[in-house]
Every structure is written in structure tokens, then in C-alpha cells.
Amino acid sequence: MEFLQEWGLTLAIFLPLVGVAVMMAFPKSDEATHKVIALATSLVVAAIGVLLLFDFDFDRADEMQWAVSHDWIDIIRTQYSIGIDGMSLPLLLLTMLITPLVIIYSWNHFPEPHNPKAFLMLILVLHAGMIGTFVARDLVLFFVFFEVVLLPMFFMIAVWGGEDRRYASLKFFLYTLFGSALMLVSFLALFFLAGGETFSITGLADAVVENGVSRNAQLWVFGGMLLGFGVKVPMFPFHTWLPDAHTQAPTQGSVILAAVLLKLGTYGFVRIAIPILPEAAVAWAPWIGLLAVIGIIYGALGCLAQTDMKRLIAFSSVAHMGYVMLGIATLTDWGINAAVFGMVAHGLITGMLFFVAGSVKERYHTLEIKRLGGLLVQAPRMGWILGFISMASLGLPGLAGFWGEFPAILAAYNPANGLPVGLFRVYMVIAALGTVLAAGYLLWLLQRTAMGEPSEEFANDPHITDTNREEWLAWSPLLVLILVFGLVPGLIFNVTDDAVDANLSDCLSAGDLDSSVKGSFDIGLCEREGIDEALAQLNVAIAGDEG
Amino acid sequence: MSAAVLAQVVPFERPPIDWHAVAPELILLGFGALLTLIDAVYLERGRKFTSALAGIGLLAALVPVVTLAIDGNDRYMFNDAYVVDNFALVMKAMFLLSGYVVVLLSTNYISEGDYWENEYYGMLISSVLGMIVMASARDLITIFVALELLSIPAYLMATWRKRDLKSNEAGLKYYLMGVFASAVMLYGMSLLYGVTGTTILADMGEVLNTGESTSVVSLAIVFVIAGFAFKVSAVPFHTWAPDTYEGAPTPVTAFLAVASKAAGFVALVQLVFVGFWGRGDVYEPLMWVLAAASMTVGNLVALRQTNMVRMMAYSGIASAGYIMAPLAVAGVSGDVADEALRAVVTYLVIYAAMNLGVFAVILGIARKTKSAEISSYAGLFQYAPGLTVVMTVFLMALAGIPPFGGWWAKFVVFRALVNADTTMGYSLAVIAAVNSVIALYYYLSVLRTMWADEAPDGDVTPIRIPASLVGALGLTALATMAFGVYPKLVDTVADVSLLVGAGG
């Protein structure tokens with residue numbers, strides 16, 4: 001296992017690129033070979049993920065494991081520094097799961113203009129970028145991988161997208177790039193303010209304290225990161241690229257975008273922005289919370305106004321990521337654990353929703369809600385799947401979606417000290433109202449598309465078949481996980497809890513903070529037992545319900 | 001009688017020459033002469049080998065550059081008028097390699113167009129010779145001679161498509177503007193000589209740095225810098241560039257856009273860092289204005305272009321602004337100056353790789369479409385995916401998206417500007433940042449056309465790319481990627497300093 005310790009993560013990042021290089025050697029017409037190579041590559045990467053899972057020391061989930069550090073660009077003291085802890089592990093595994101599933105789904109479903117070679121190559125490049133972002137421990141490395149993800153997605157939308165793809169792809173690219181430019185400026189400012197010694201995330205957190213970076217400067221730097229990560233999440237009001245990108249992207253693009261890319265933003269908050277600049281995080285948190293609840297309500301209302309199924313799902317993403325951001329904004333152990341869970345749950349559920357939307361589109365050649373209907377009659381299994389994930393998405397207890405939303409809402413009841421309690425309780429009420437709206441639009445969607453009789457134009461359409469083999473292969477792991485994580489949320493919470501704790505309380509206690517923030521350790525960040533107990537109680541409660 | 005007069009004159013004594021140090025120049029000179037001889041002796045039959053011979057000559061000249069670099073000693077000749085130091089060697093290597101890539105780009109273009117091959121490569125080699133002399137020139141007269149040696153063949157090469165009106169226009173415009181710039185510069189140089197009594201830059205620097213500020217000195221510095229601003233096509237001296245670039249044969253355009261521009265910068269940094277360094281009060285504001293104007297005007301006008309070569313001309317003007325930007329803070333302190341110089345060198349090296357790459361792709365596409373209109377690039381992804389992908393690499397590198405080379409070039413410029421910790425530095429960094437986003441838009445629209453649009457007339461027959469062009473594409477793409485993924489490569493070579501006796 002020593003070889004894996006040293007090389008495992010590096011292999012996971014670069015194997016997809018090796019796959020791309022191998023695919024270059026085969027002509028475009030040799031489609032079967034390309035599919036096999038791409039799938040094999042992604043499966044090998046997934047296998048590394050499985051090994052990782054077995055080798056991961058869960059008792060030390062708060063530490064960086066499989067850590068590797070090598071000099072990269074001496075002159076700016078940036079290192080090729082990678083590693084994973086309990087916070088990145090779930091997201092890394094999610095990425096490693098989603099990509100092979102997307103490739104399996106693609107098998108006979110390549111969108112126009114076809115060209116599997118280029119399409120799969122882009123997916124693999126994307127894969128490398130996503131994995132790299134989740135394992136990077138150095139800001140420059142993080143930034144590079146963060147950007148690597150942009151181009152393949154741009155081309156995926158621009159080439160394989162729908163009618164309006166030119167507009168959507170450019171909007172996607174410019175929005176994200178605008179954000180990441182500001183993010184880069186923040187990183188650089190941070191580097192220089194903190195003495196110009198290191199770009200390592202933990203190193204910077206210490207250096208910020210040692211060099212006594214002024215509060216004002218911290219606030220500005222955090223603001224830059226807020227924009228950079230916030231565009232990616234996306235937070236209201238930077239979300240407008242998302243519905244366009246999702247609607248125009250091919251199914252595979254939408255799935256990856258929803259399941260993984262959006263998480264890069266929220267992950268940035270919990271991995272970079274808050275641990276390095278805790279003081280600024282406390283100052284910004286009420287505003288982040290505000291934007292989060294606006295996002296929840298606005299996203300939900302947006303959903304109710306949509307006529308297109310994919311666009312509706314896109315807006316529901318805005319709402320769901322609002323819960324994640326609300327959890328983060330509370331700056332509590334609870335809230336951030338919920339946020340990481342919410343990221344994984346949203347990845348599974350919304351990824352699934354886009355898969356189903358893609359399959360519906362393929363059969364009906366439209367996603368206009370008013371023309372659809374009777375899916376349960378024409379394709380009963382797919383109809384039931386849609387029902388199942390709608391329930392998961394609206395946060396039904398016992399399915400994964402619940403554990404992202406409910407603890408986040410609860411955490412807002414008692415935010416970290418230094419945050420305005422009253423305000424966050426208002427947020428809590430608003431967010432809770434948002435779940436009602438979520439039930440509303442999802443049930444409405446289900447009712448209009450799955451129930452009733454098929455409309456006349458599709459009633460006797462022989463193309464409308466039930467779930468086929470590739471779809472089952474690609475979907476069943478997601479469906480099973482949605483159920484498993486719903487029933488045993490501890491699978492994720494136990495992994496993330498220590499890491500969240502270490503990442504957030506370490507930096508706060510190391511900081512030279514005013515007493516009000518220090519006080520928060522009593523009820524906020526260091527409350528490990530709290531969450532364990534609460535989880536136990538909730539588990540009992542659910543078991544009771546089910547019993 | 002004449003014998004008597006001669007006897008009174010001090011007998012000429014050849015100054016000591018370090019043959020190793022001038023070996024690259026001599027080799028190029030030899031190959032240039034050889035090419036001319038082959039033309040004279042074999043006439044048309046010589047055409048078969050000229051391009052190969054030119055390529056070999058350029059690579060052969062690289063050998064002594066490498067041995068000199070391994071040797072590592074700075075060599076001074078002719079009373080310090082000719083210096084071979086790290087800076088000179090890095091730039092020489094860059095000129096020779098760029099020249100080699102230009103030969104690769106030219107091979108098919110020139111022979112298929114039935115242009116005068118032997119003369120063409122002779123011109124190319126003498127122009128490169130001028131450039132590598134420029135890299136060592138630390139004396140006003142040597143600089144001027146090098147400048148003319150590199151410019152005059154370039155004027156001719158711009159008109160190489162003799163029967164094409166646009167090519168004639170290109171050459172004539174370039175020539176008139178170039179001569180005008182030379183005149184302005186010469187006037188400035190004569191003033192400098194008058195004030196300081198020397199043409200050696202290092203000596204001149206000492207006089208200027210300690211002497212009091214007079215309007216004559218300021219005027220002279222402004223004139224000299226303005227002259228080179230023409231050469232590097234900085235706003236407001238840029239007007240020749242788009243027409244010349246569009247009209248000249250495309251390989252020549254690549255040569256002008258990369259090597260000739262870099263030569264202008266080499267002269268400029270030598271003047272600034274060795275000669276004028278202490279007079280930051282004069283050149284810093286000037287550089288600030290030139291850099292800010294070049295970036296902004298270049299990028300904004302590039303947005304409106306429909307022709308790829310013209311777009312690249314404006315993008316080149318904007319790049320000149322980026323390269324010039326660190327010079328606007330060079331006078332702050334010795335450390336900042338060193339960092340500014342490194343930023344300039346880094347940018348020049350990376351820029352050479354990515355920009356030559358773009359022109360290689362333009363040439364490749366033009367083999368089929370016979371056009372450089374951006375609209376003719378539509379649907380390229382369907383029939384030339386390889387070219388599309390490398391073009392993506394080059395354009396994204398120019399836009400500064402990691403992990404392609406350009407991001408590091410932009411990064412060092414930003415770092416130099418921010419590190420200076422002056423208002424001028426910060427304000428220029430902000431202008432450069434805004435411009436990076438503007439630039440992204442037009443690069444991205446080209447890519448979008450190539451990837452997403454339908455091919456005009458549905459013509460999707462593949463493009464046949466000759467071997468030499470493949471070589472050029474491979475070299476430039478490899479370099480662009482390598483610089484981006486592992487910037488240490490370019491960092492090692494860019495570790496240079498020019499501050500002799502200026503208190504660096």
C-alpha cells in the first residue's frame with residue numbers, strides 16, 4: 001500500500017489524462033474503442049477511490065491522508081501539494097462515482113453532433129480537473145484545477161448543447177471566469193499580505209495570524225473569494241448563468257455540472273475561505289446567510305414559474321444550494337456537516353433528476369411540462385424513479401435529501417457566537433418555508449409529467465419505451481445510495497465530522513480573535529458531542545417513525 | 001604622399017575578439033553567405049535545400065549559445081559595447097528558435113507560392129542575425145546597427161508577395177513607419193551622446209543617474225523610447241501593425257509579431273535598465289501611459305475584428321502593453337527592477353511559443369480555406385479536430401487560462417506590478433486585470449466559431465498538413481503546455497539581471 005500512499009491521488013488525477021492521450025491514438029470512427037477506453041479509465045480511477053476508502057484511516061479523518069508534497073514553482077513558493085481528509089473524501093468519491101456512470105449512460109445516447117471521441121475526451125479532462133480541485137492543498141494548484149474544469153464544460157455546452165448553446169456557453173464561461181479572476185486576485189493579495197511565504201492552505205491560515213493581517217484587508221479578501229466561489233455555487237444574485245447552462249447543456253453535461261461542478265464553489269468556502277479567514281467569515285456570515293435564504297425562496301418561486309422540466313430542475317438547484325450555503329453561514333459544526341452532506345445528497349439527487357430529464361427528452365423530444373404527462377402509464381418504471389427522486393429532492397425523511405436540509409435549518413437556530421442569533425432564526429423560518437415550496441414545485445412537476453394520461457400527441461408513440469439497460473446500470477448506484485444515505489446518514493457524518501471540526505475550530509482557536517468569537521467554542525464550533533447525540537436522537541426518532 | 005599621410009595615422013589595431021562569444025553570429029553569417037552562394041551558383045536547382053539549410057543554420061548557431069551558457073561567464077568586448085551575459089544568451093536562444101519555427105512555417109508556403117526562396121531565407125537569416133546582435137548590444141551605435149540589420153530584411157519580406165497589392169501596402173507602410181521611427185530615435189540618441197559624451201550604455205547610465213535632470217535629457221529619453229515603441233507597436237505608435245500583419249505573407253507576419261517585436265523589447269530593456277535606469281522620473285510615466293493605452297486600445301479594437309490576422313495584430317498590441325507594464329515600475333528599487341526584467345523576459349519567451357503557434361494554425365487552416373476570416377473557421381472542429389484543439393491551447397494560453405503557458409506570463413507581470421507597491425504599479429495591475437477579461441471574450445468567440453458553428457457550405461473534407469507545419473505546431477504546443485504546467489522551466493532561463501553598476 002505504500003505505493004498507493006505516495007502515488008494514489010496523483011494517479012487518480014492524471015490517469016484520465018493518460019486515457020485522453022491513448023484515445024488520441026485511435027481514429028474518430030473507431031467509436032467502440034473510445035467508449036471502452038474511456039469507461040476503463042474512469043473505472044480504474046473509481047477503483048483507486050475504492051482502495052482509498054479501504055485504506056482511509058477513519059479515526060484520523062481530521063488529518064490530511066495520502067498527503068504528498070513536492071516543489072512545483074519555487075519562486076512563488078507554491079507546491080504540488082495534495083491530500084484528502086474527511087471533508088474532501090465524500091466529494092472525491094462522489095466525483096469518481098458520477099463520471100463512470102455518465103460514461104455508461106452515454107453508451108448509446110451521444111447527443112448531436114455525436115462524435116464520441118471528442119465528447120469522452122472532454123469528460124475525462126473534466127474528470128481530472130474535478131479530482132484535482134478536491135485534493136489540492138495549495139491555492140495555486142487549486143486555482144489551476146478549478147480553471148481546468150472550465151474549458152471542457154464550455155465546449156460540451158457549446159458543441160453538444162441545445163438550440164441556444166452559443167449564448168449559454170459563453171455566459172457560463174464569462175460568469176465563472178469573472179468570479180475566478182477575482183478569486184485569483186484574492187489569493188494573491190492573501191499571499192502577499194501573509195508575508196509571501198506560502199500558498200499552502202494550512203500555512204496561510206497560520207501566516208494570516210502571525211502577520212496580523214488587518215481586519216479590513218481580511219474582509220476584502222474574503223469578499224473576493226465570496227464572489228469567486230459564490231458564482232460557482234451559484235448564490236443569488238450570481239445564479240443567472242445556471243438555468244441557461246443547464247437547459248442548454250447535453251444531459252451528461254448537466255449531470256456533471258449539477259453533481260460535481262457546483263460543489264467546487266461550496267467546497268471552496270469550507271476548505272479555503274473560512275479556515276484561512278475565520279474573522280472575516282464571521283463578519284460576512286449574516287450576508288451569506290441572507291443571500292442563501294433569498295436563493296432558497298427565489299429558486300423555489302423560480303421553479304414554480306418554469307414551463308421546461310430541465311429549467312425547473314436547474315432552479316431547484318439554486319434553492320438546494322441555498323440550504324448548503326445557509327449551513328455554511330452558521331459557521332457551526334452542525335451547519336457545515338450538514339452542508340457537506342447536502343453537497344453529496346444534492347449531487348446524487350439532482351444528478352439523477354437530470355438523468356431522468358435527459359431520458360424523457362430523448363423519448364418525447366421535448367421537456368415542455370404542459371406537453372408531457374402520463375409517464376407512469378407509458379414508462380412506469382421511469383415514472384416511479386422520477387417519483388422517488390422527487391421525494392428525495394423535496395427532503396422526505398429517510399432519503400438523502402433530508403439530511404442536507406434539515407440539520408442546516410436546525411443549525412440556523414443556534415449559529416456560532418458572534419453571529420446575530422435573532423437574524424439567523426428569521427433565516428431559519430424562511431428556509432423552513434422554502435421546504436414547503438420545494439414540496440409544492442416537485443409534486444407539481446411529478447403530477448404534470450408522471451401522472452394522468454399521456455397527451456394525444458405522444459399517446460401511441462412507439463419511441464416511448466421504459467428504462468433501458470444502460471439507464472439501469474447508470475442509475476441504480478445513485479438510487480441505492482440515495483436510500484442508503486437517507487437511512488444511515490452516519491456513513492457520511494462520521495467521516496466529515498472530525499474533519500469539519502479540525503478545519504474550523506483549529507483555525508479559530510489559533511486566531512487572535514475578540515472574545516465574542518472565542519466564546520462560540522462553547523456552543524458552536526467545538527460541539528462534537530452535540531452532533532453525535534443529536535444524530536443518535538434523530539436516528540431513534542426515525543426508527544420510531546418507521547416502526 | 002598618401003603613404004606619408006597613412007604613416008602619420010595610428011596603425012589600426014584589431015581589438016581583442018572573444019571568438020567563442022561571437023560564434024553564433026559568425027555561424028549565422030556563414031550560413032547566410034552560403035545561401036547566397038548557392039543561389040548564385042546553382043540558380044533554381046538550389047531551391048530544394050535552401051529551407052533545410054536555413055533551418056540547420058539557425059540550429060547550428062544555437063550550439064555555441066548553449067556552450068556559452070554552460071560556461072556561464074559574462075563576456076565583455078569592444079569597451080563593453082558588446083556583452084554576452086545570461087540575458088543576451090536567453091534572448092539569442094529565443095530568437096534562433098523562433099527563427100527556426102518561422103522557417104518551418106515558411107517551407108511550404110514559400111515554395112508553393114513560388115516566391116523567391118533563396119533570397120527569402122537569406123533575408124530571414126540576416127534579420128535573425130540582427131536580432132542576436134541586438135541581444136548583446138550595449139551601445140547606442142551597436143543598437144542602431146542591429147536594429148537596421150533586423151529591420152531592412154523585414155521590410156522586404158513583408159512585400160514578398162510581389163504582385164499582391166496588400167502585400168505591397170504592408171511593406172511600404174512598415175518601411176515608412178520604421179524609417180520615421182528610426183529618425184526620431186536617432187535624434188534622441190544624438191542628444192544623449194551630446195549630453196553624456198559617450199555611446200556606451202553603462203557609462204551613459206552613470207552620467208545620467210548622477211547628473212541633474214534637464215529637459216534635453218528628458219526629451220532624448222522620450223524620443224528614443226518612442227522610436228522603439230514603433231518597433232513593438234505600442235499605442236499610439238501602432239497604426240502600421242494591423243495593415244502590415246494582414247498584408248504580409250503569414251509566415252512573415254508570425255516573424256514580425258514574435259521575433260521582431262521581441263527584438264524591439266530587448267533593445268528597450270537594455271536602454272532602460274542599463275542606460276536610463278536612474279531616470280525613472282522620465283520613463284516610468286511614459287511606460288505607464290504606453291502600457292495602459294496599448295492594453296486597452298489593443299483589446300477593445302480586437303473585439304471588433306473579423307479577420308483572424310488583424311485580430312492577432314491587435315492582440316499583439318495589447319500584449320506589448322502587458323510586456324511594457326513592468327517597466328513602468330522598474331525604477332522603484334534594484335529588486336523591483338530585477339523582477340520587472342524577469343517578468344519581461346518570461347513574457348517574451350512564453351509569448352513567442354504561443355503566438356507562433358497561433359500563426360502555425362492560421363497557416364494550416366488557410367491551406368484549405370485560403371482565408372483568415374474568422375467566419376471561415378466555422379465548423380473546423382468537425383473536419384480538423386487536431387488543429388482545433390491546438391488552437392484552443394494557444395488562444396487560451398494567450399488569454400491566460402491555466403494550465404496553458406500564458407497564465408504564468410501574466411502572473412509574473414502582475415507580481416512585478418504588485419510587488420513594486422506604488423500607486424502606478426497597482427493601478428496598472430487593475431487595468432491589466434480588466435483587460436484580461438476583455439481579451440478572453442474575443443479569443444473565446446473564435447473558439448466558439450471553430451467548435452460550435454456549422455462548416456460553411458457543409459464542406460468537411462479534412463486538411464492535409466505538411467510535415468514541417470506539424471513540426472512547428474508540435475514544438476510550439478509542447479512549449480506552451482510545458483511552460484504552463486511547469487513554469488520552473490521558463491523561470492530558470494529568465495533568471496537574469498541587467499543592472500550593471502546601477503546599484504542593483
Side-chain angles (χ1 to χ4, degrees), chain A residues 14 17 20 24 27-28 71-76 78 80 113-115 117-118 121-122 125 128-129 132 140-152 154-161 165-170 172-174 177-178 180-182 184-185 187-189 191-193 196 248, chain B residues 339 342 346 379 381-383 385-386 388-389 392-393 395-396 399-404 407-408 410-412 414-415 417-419 421 426 429-430 432-441 443-445 447-455 460 462 484-492 494-495:
Chain A
F14 292 104
L17 299 182
V20 170
M24 275 183 194
K28 193 163 116 184
D71 286 347
W72 180 34
I73 314 173
D74 294 341
I75 189 162
I76 51 165
T78 185
Y80 175 76
H114 208 57
N115 198 348
K117 178 180 180 183
M121 277 161 82
L122 286 181
V125 174
V140 176
L141 194 65
F142 178 89
F143 177 76
V144 168
F145 283 124
F146 198 82
E147 298 285 289
V148 166
V149 171
L150 270 185
L151 268 183
F154 169 74
F155 289 126
M156 210 180 264
I157 300 174
V159 178
W160 288 272
R165 57 180 189 267
R166 290 176 60 95
Y167 171 73
S169 58
L170 201 63
F172 162 75
F173 200 101
L174 288 180
L177 199 98
F178 172 72
S180 57
L182 282 172
L184 180 67
V185 173
F187 286 177
L188 287 182
F191 174 70
F192 285 116
L193 288 171
Q248 299 306 324
Chain B
E339 190 154 339
R342 267 181 234 130
T346 306
F381 178 58
Q382 293 157 27
Y383 59 90
T388 312
V389 169
T392 308
V393 170
L395 289 185
M396 286 298 101
I401 306 284
F404 312 118
W407 79 277
W408 180 246
K410 288 230 163 77
F411 190 95
V412 287
F414 280 117
R415 197 171 48 131
L417 289 174
V418 172
N419 226 13
D421 202 21
Y426 285 122
V430 171
V434 172
N435 269 294
S436 303
V437 181
I438 302 178
L440 184 78
Y441 183 83
Y443 293 131
L444 217 53
S445 352
L447 290 182
R448 199 173 53 174
T449 308
M450 294 175 81
W451 281 77
D453 287 0
E454 292 297 320
V460 290
V485 175
Y486 200 61
K488 221 172 170 176
L489 283 177
V490 66
D491 233 41
T492 337
D495 191 11

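Everything numeric here is computed off the predicted structure, so don't read it as measured data. Just so we're on the same page: letters track the sequence lines, and every chain starts at 1.
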Among all residues two or more places apart in sequence or in another chain, which pass the salt bridge (Lys or Arg N to Asp or Glu O under 4.0 Å) test with D421(B)?
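None.
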Using the side-chain hydrogen bond (donor to acceptor under 3.5 Å, both in side chains) criterion, which residues pair with W451(B)? Sequence neighbours excluded.
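Applying side-chain hydrogen bond (donor to acceptor under 3.5 Å, both in side chains) to W451(B) gives T392(B).
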For the student: nearest non-hydrogen atoms of [X] and [Y], plus distance:
X: A452(B); Y: A158(A); answer: CB-O, 3.0 Å
X: Q382(B); Y: K28(A); answer: O-NZ, 3.3 Å
X: F192(A); Y: R415(B); answer: CZ-CG, 3.6 Å

Against chain B, label F173(A) side chain, backbone, both or neither, depending on which of its atoms sit under 4.5 Å from a heavy atom there.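 Looking at F173(A), just its side chain touches chain B.
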query: Side chain, backbone, both or neither: which part of S180(A) has a non-hydrogen atom closer than 4.5 Å to chain B?
result: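 No part of it gets close to chain B.
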Whether R448(B) side chain and R166(A) backbone form a donor-acceptor pair below 3.5 Å: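 Checking the backbone N and O of R166(A) against the side chain of R448(B), a donor-acceptor pair under 3.5 Å is found.
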- Task: Check the pair F178(A) / L440(B) against side-chain contact (heavy atoms from CB on, under 4.5 Å), numbers first and verdict last.
- Result: CA-CA 10 Å; F178(A) 172 72; L440(B) 184 78; over 6 Å; no
Closest-packed option against chain B by number of heavy-atom pairs under 4.5 Å, given [options]:
options: F143(A), W72(A), F154(A), F145(A); result: W72(A)
options: L174(A), N115(A), L151(A), D71(A); result: L151(A)
options: V148(A), L188(A), L170(A), L150(A); result: L170(A)

Pick from F414(B), F404(B), F411(B): which one has the most heavy-atom pairs with chain A under 4.5 Å?
->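 The answer is F411(B).
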Looking at I401(B), V437(B), V485(B), L444(B), which makes the most heavy-atom pairs under 4.5 Å with chain A?
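Counting heavy-atom pairs under 4.5 Å, the top option is L444(B).
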Near F14(A) CZ, under 6.0 Å, is it more than 12 heavy atoms from other residues, nucleotides or ligands?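 Enclosed: over 12 neighbouring heavy atoms sit under 6.0 Å from CZ of F14(A).
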